[in-house]
Undergrad: 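Before we start, here is the structure in question, set down as structure tokens.
Keep in mind that the numbers below use all heavy atoms, side chains included, and drop hydrogens, waters and symmetry copies. What you are looking at is a predicted structure, and each value in this text was computed from that prediction instead of being measured.
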Amino acid sequence: DATPFLDPASLSVHASSQTTRMHSATATAAAAEWSSAWRRAKSLATTAKSLWSSLLEPSSTWAPPPRRYATRVQEQQAWWITLAVLAAFSALAYFNGRREDRNESARIQAEVQRLVRLKQEFEEQEASEDFSDDSMAAALREAQERMQQDDEEEPDET
């Protein structure tokens with residue numbers, strides 16, 4: 001009677017307090033482990049941030065501080081360089097346009113000559129008094145053959 005451990009009620013209380021102590025010890029160990037992992041991750045993140053800022057971001061340790069204002073000489077140099085680049089692009093566009101105009105003029109002149117020749121052939125055909133279907137078909141075949149020969153002689157420039 002004097003020992004509370006023999007009482008079944010006290011045994012269950014004693015066992016539950018043992019279980020609670022075990023759970024609290026396990027929880028404390030898990031919290032300590034979690035806290036340790038968190039500290040390691042935080043330390044790793046801090047190290048990575050310091051490496052990033054010291055190696056990859058421009059800072060005063062790697063380069064001299066930038067000047068805030070350009071001098072008048074630098075402004076004049078920038079102005080002349082900009083003017084030269086614009087002049088070069090303008091000259092390039094001008095000469096490219098002239099070349100295209102020459103090519104287009106030659107193409108138009110060739111087309112005009114072809115049309116004049118076709119007109120002369122048509123007028124010659126009209127002047128002849130023989131308007132039979134056979135002679136007209138032969139004249140058309142002959143004109144077509146001449147046009148094909150002209151096309152083979154002059155390759156396209158496009």
Undergrad: CZ of Arg141 to CD of Gln144: how many Å apart, nearest 0.5 Å?
TA: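 It comes to 9.5 Å.
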
Undergrad: If the threshold is 4.0 Å, N to carboxylate O, is there a salt bridge linking Glu75 and Arg72?
TA: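 Between Arg72 and Glu75 there is no salt bridge, as every charged N stays at least 4.0 Å from the carboxylate O atoms.
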
Undergrad: A side-chain contact here means heavy atoms from C-beta on lying under 4.5 Å apart; do Arg99 and Arg102 qualify?
TA: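 A side-chain contact exists here, since the closest heavy-atom pair is under 4.5 Å.
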
Undergrad: Write down the atom of Thr71, the atom of Gln74, and the distance for their closest heavy-atom approach.
TA: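 Nearest pair, atom of Thr71 first, then Gln74: N-OE1, 3.0 Å.
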
Undergrad: Nearest 0.5 Å, what's the CD1-CG distance between Ile108 and Leu115?
TA: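 Between Ile108 CD1 and Leu115 CG, I get 11.5 Å after rounding to 0.5 Å.
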
Undergrad: Do Arg40 and Leu44 make a side-chain contact, defined as non-hydrogen atoms from C-beta onward lying under 4.5 Å apart?
TA: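 No - every pair of side-chain heavy atoms lies 4.5 Å or more apart.
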
Undergrad: Is there side-chain contact between Glu142 and Glu121, with at least one heavy-atom pair below 4.5 Å?
TA: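 In short, these two side chains do not touch, never coming nearer than 4.5 Å.
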
Undergrad: Looking at OG1 of Thr47 and NZ of Lys49, how far apart are the two atoms once the value is rounded to the nearest 0.5 Å?
TA: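 Reported value, rounded in 0.5 Å steps: 12.5 Å.
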
Undergrad: Check residues 79-92 and write down every donor-acceptor pair under 3.5 Å in which the side-chain atom is one partner and the other belongs to a residue at least two apart or another chain.
TA:
unit_1: Thr82; atom_1: OG1; unit_2: Ala78; atom_2: O; d: 2.8
unit_1: Ser90; atom_1: OG; unit_2: Leu86; atom_2: O; d: 2.9

